[in-house]
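What follows is a short report on a single structure.
Just so you know, residue 1 is the first one in the sequence shown, and it goes up from there.
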Amino acid sequence: FSGCRADLGGAVYVQSGTARLARSNIFNCIANVSGGGLFSADGQTIMSDGTLISGCAAPDGEGRSLFLLAGEVAYALPASPGRWLPNARCEVYRGACAHPPGSPQQAACLKHRDDCATSHEPPYEWYCQNATFVQPCNWKSDPLLLGQSLYQLPLLPVEQDFPFACSAGILGSADPEYQSSSTCAGPCPPRRRCPTEATSQTLPCTAGHYCPAGTSVPLPCPAGSYSNRIDLAAASECREAEPGHFATTGSTAATPCSPGTFAGTKGQSECERCAPGTSSDEGSDSCDECEPGTYAKNHGQGECIPCPHPLSTEHGSVTCSICKEGYYLRDSNYSESGIFLAPSEHCKPCPPHAECPHNTTLETLRVPQGYWRASSLSAVLSECRNFGGDGETRCTGSKSGEGSSASGRRIQEDTAYCGPDFKGPECQLCVADKQYLADGDACEACVDIRTAAGRIAALGLGICVACGFVAWAYSMQGWRQKPYIGPPLRLADRTVHNFFEAGLVPKMKILLGFYQICFVLKPTYSARLPDKYTSWTDELAEAVSIDWSGFFLPAQCLPYWSRLVAVAVSPTSLIALLLLFGVGRRLYRGRARDGGVLPVGDTHRAFTPGVVEASIVRNEASVCGESSVLSVLSVSDVLHCPEVDKIVLSQKLVLSWRAKVALGLLDLTPACLVLVFCFVPSVSASIFKSWSCQAYTVSPPSEALEQIEYMRQDASVECGSD
């Protein structure tokens with residue numbers, strides 16, 4: 001019966017007689033007043049063989065399934081599978097066996113008591129007792145009920161489906177043995193589920209869940225575990241999520257961690273976000289630090305972002321605030337955010353000759369071997385000059401202590417970038433006192449100043465003696481016939497003769513003038529002619545350089561002003577020695593020829609026989625005066641008669657000592673003039689070099705240019721200082 005509707009009993013109304021409902025299904029019927037499925041007004045109603053009333057409706061309290069107003073209503077098992085009813089066996093209640101104890105009759109009565117309970121038709125066997133007044137069922141009206149499990153309904157409305165459904169999680173059965181109580185066939189077995197009421201066929205457990213005994217709704221695998229099996233009985237049988245994966249409650253499979261997250265251990269219910277400075281790929285069990293040159297600013301980044309050019313980073317950075325290789329950070333005190341926002345403004349290309357590895361700042365610029373810089377704030381590197389040796393030995397670069405003591409904008413006894421024995425600009429100075437730079441790459445002890453002075457004096461005296469000897473030998477006319485010394489003297493005579501005959505004197509003067517210009521051009525005006533024109537002048541300048549103090553006493557061993565005085569005075573001293581030599585020579589020769597000395601002013605003198613000093617042959621022009629008598633020539637006479645030595649000896653004349661001195665001075669004046677021409681450029685160049693300074697930059701590139709200068713000739717002297 002389905003979809004029926006009535007005021008009383010939506011499907012069945014029993015008013016009298018006997019109604020049997022076997023294998024019947026009444027569902028979705030409606031009673032407007034009472035008894036949604038069945039209304040018993042009187043009579044007898046017997047339901048059996050799985051009859052079911054379900055899904056019917058009636059007003060509240062009026063029996064959605066049944067309303068028993070009167071009459072008799074019973075249900076004989078079996079009920080529908082998964083249903084149950086409280087029941088009792090329908091039988092004949094008989095009186096007690098009344099035979100004497102121990103008698104055969106009593107024994108037979110007791111033995112057949114069950115048989116008598118199901119027998120209702122007379123004649124009764126002799127051993128069956130009479131029926132009692134109270135009976136469990138109305139077997140008299142329907143003897144077929146005897147022996148059946150029967151539920152006799154009370155006269156009350158039944159609101160739930162009838163027979164009653166086994167609860168969810170309880171296994172129902174079609175066997176009447178398991179339909180007599182609400183426990184039915186017992187709890188749903190493990191690994192199976194009984195999802196609804198009246199379940200008689202279990203279902204497998206669902207994936208991602210487990211089903212203990214009595215399960216109606218499968219229990220999900222706990223968070224951090226999963227399973228795709230449908231036969232689990234306990235949570236412990238769920239599989240833990242592997243590292244790098246997570247599993248939510250009831251998962252059938254572990255889910256890989258998304259990029260930017262990780263699960264470090266087994267059994268994680270969710271993945272953690274990577275910290276700033278790290279990232280991860282899908283399914284990671286840990287986060288990896290960002291590689292140099294990349295960064296991760298936020299939590300949970302799946303990949304590190306490359307730094308904008310020319311910035312870089314260290315491992316695991318959250319922002320880009322250092323410079324990549326080949327660049328340096330101009331100001332290491334600037335904020336990281338400011339550097340990131342303007343990378344090109346803060347990261348500058350590595351200066352020429354410098355080395356800029358990863359994460360280089362202006363202060364930590366790597367200075368290679370053979371180079372030097374004046375300040376840790378300077379980006380200008382100076383190549384160390386050799387000074388005749390190996391500049392790399394002195395200037396060891398950053399290897400000797402990167403950024404050690406070169407902080408600030410001035411170098412004061414600075415040894416940064418220098419070898420252990422050197423200091424100062426380009427490492428030209430020796431650390432130890434009274435030592436000097438020898439051969440450009442070693443420090444040696446200075447010679448005692450008195451020893452050096454003695455050597456200089458000895459050298460000057462030796463030069464004078466040598467020059468005097470050469471001049472004396474050249475003046476000896478008789479030696480020109482000697483076998484050994486004669487040929488050189490005659491060759492010298494022919495050379496001098498040819499020199500004057502060829503007119504080379506003015507040409508030599510022109511060459512000497514050109515030499516003077518080339519020599520002083522560079523130190524005085526910082527200019528230089530092409531090397532093909534000045535190479536020979538450089539060699540000549542080196543040959544005639546008179547900085548003998550540097551030869552005997554190196555620059556660092558003597559204050560520069562002292563050497564400058566020595567350089568300036570040396571030519572004068574040499575010229576003075578030559579002039580003294582000429583005067584001495586004249587006096588010596590005059591003393592050897594004069595037999596005696598007459599008082600000055602005497603008109604006539606006595607002479608040693610055979611000794612003739614000079615005679616003056618006067619020509620018509622009266623060259624040496626008008627007097628033709630013998631007289632003593634004065635200084636004025638000698639000066640007014642430059643040809644005095646060439647006049648034919650005709651009269652005996654006596655020169656005064658002053659005249660002899662004058663002639664001695666005149667003898668070597670040409671040689672002194674040659675020396676002056678040769679040495680003036682050297683002396684003037686040495687003086688001008690005092691103002692020649694080497695400038696070194698000490699200011700940062702971004703600021704106004706600031707330099708410190710040191711004298712090229714003496715690196716210990718700072719230009720512009722007191």
Plane angle bin for Tyr696 and Trp372 - parallel if under 30°, tilted between 30 and 60°, otherwise perpendicular:
perpendicular
Measure the [atom1]-[atom2] distance between [X] and [Y] for me, rounded to the nearest 0.5 Å.
{"X": "Ser378", "Y": "Leu362", "atom1": "OG", "atom2": "CG", "result": "7.5 Å"}
{"X": "Ser376", "Y": "Glu363", "atom1": "OG", "atom2": "CD", "result": "5.5 Å"}
{"X": "Glu383", "Y": "Glu426", "atom1": "CD", "atom2": "CD", "result": "9.0 Å"}

With a 4.5 Å cut-off on side-chain heavy atoms, are [Y] and [X] touching?
{"X": "Thr313", "Y": "Cys320", "value": "yes"}
{"X": "Pro351", "Y": "Cys356", "value": "yes"}
{"X": "Cys395", "Y": "Tyr417", "value": "no"}
{"X": "Val717", "Y": "Cys719", "value": "no"}

Between Cys304 and Tyr295, is the side chain to side chain contact (heavy atoms under 4.5 Å, CB included) condition met? List the steps.
CA-CA 5 Å; Cys304 298; Tyr295 73 102; over 6 Å; no
Under 2.5 Å between SG of Cys384 and Cys427
no
Ring pair (Phe, Tyr, Trp, His ring centres under 6.0 Å) contacts touching residues 301-338 (sequence neighbours left out)
His309-Tyr327, Tyr334-His346
Passes side chain to side chain contact (heavy atoms under 4.5 Å, CB included), Leu705 versus Thr697? Steps please.
CA-CA 7 Å; Leu705 180 63; Thr697 300; 3.7 Å; yes
Mark yes or no for whether Gln301, through its side chain, and Lys297, through its backbone, hold a donor-acceptor pair below 3.5 Å.
yes
Residues in side-chain contact (heavy atoms from CB on, under 4.5 Å) with Ala695, at least two apart?
Gln707, Glu709
